[in-house]
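Heads up: numbering here begins at 1 and tracks the sequence. All ligand and atom numbering here is 1-based and tracks the order in the structure. What you see is a predicted model, and the numbers here were worked out from it, not measured in a lab.
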Amino acid sequence: MKTRLRISAFLFWACLSIVSTALAADGRLNVVTTTEDLAALAREVGGDRVTVEAIARGYQDPHFVEAKPSFILKLQKADLLIVVGRELEIGWLPPLVQQSRNAKVQVGAEGYLDASQGVRILEIPTGQITRAMGDVHPQGNPHYWLDPENGRAIAKSICDKLSQFRPGERAYFEQRLGAFNTRLTDAVRKWAAQMAPYKGTKIVTYHRSFPNFADRFGLDIIGYVEPRPGIPPSPSHTLDLIQEMKRQNVKLILVEPYFDLKTPQSVATAVGGQVLVVPPSVGGVKEAADFFGLFDYDVMLLVNALKATAGK
Ligand SMILES: [Zn+2]
């Protein structure tokens, strides 16, 4: 795989200098993001002064993305690479960036933006965590974009970075950031009002994707289908989870679209509860087409499920 990538990288590299020159001619900054969430935020701020492409699709597990030669092509022509950071992409991104041979987007270069700077990170480990323990969240929870207020912080970082590249367009980016913030404030108020009747509801999720979301909207996550982030369910953990859910009368299990539903469904059956497939990213379903669409969709799903559970 590595060799194939390297050969492809070389071939792309050979012809791409021509392509990048042509693309740069329209003056738009070429932004590549690792996820569709970051792409959505970059579009909000960058408007028609940028082209934005995401690498991973919103329906994929962002921890485990299969590397493809086409990703190197995207990185080769990027002016700016925006990553989630906190080691979310550590399993697949570093070799791609390296093989792109694009000096602009190497770690620490001007065109490399780690979006986790300035956001609120939860679950930062206090003890010593090693990869041998199978933890894919060694630097705190990397699913932080699921708090819309963190989305606001990410958009600000993107605005600063774009303005650094194009000082002459700062007013344009800041105006777009302002419009985004206004719209977000109204939307957060709406989502919070929709979720308010269910404040304190206890739920279970498959992976630790939703702590920021739960914290923002008042849900209480009491357990996970995975024994540890990145480690598949085990029979003993599943039994413990069922007991705990019964003890606390928990009925709802949120599952990201890329996990097997077998274990969550057996847990739901055992506790007389329900599995709800909830996309954690823009592009996870077609309704979640942008940052606002993601929360509109997830809040709607949850409210419908919680309404039904409350009636039982
Ligand atoms: Zn994770």
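At least one donor-acceptor pair closer than 3.5 Å links the side chain of Arg86 to the backbone N or O of Gln139.
Counting only protein atoms, the N, O or S atoms lying less than 2.8 Å from the Zn ion (ligand 1) are His63 NE2, His137 NE2, His143 NE2, His207 NE2, ordered by chain and residue number.
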Requested in this report: Take Leu219 and Phe210, measure what side chain to side chain contact (heavy atoms under 4.5 Å, CB included) needs, and give me the verdict at the end.
Outcome: CA-CA 10 Å; Leu219 297 174; Phe210 299 98; over 6 Å; no

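Just one residue in the list Val136, Ile231, Val225 forms a side-chain contact (heavy atoms from CB on, under 4.5 Å) with His207, and that residue is Val136.
Every residue meeting the side chain to side chain contact (heavy atoms under 4.5 Å, CB included) condition with Asp215, not counting sequence neighbours, appears here in chain and number order: Arg120, Leu122.
Aromatic ring centres of Phe180 and Phe173: separated by at least 6.0 Å.
Electrostatic pairing of Lys190 and Asp186 does not count as a salt bridge here, judged by no charged N lying under 4.0 Å from a carboxylate O.
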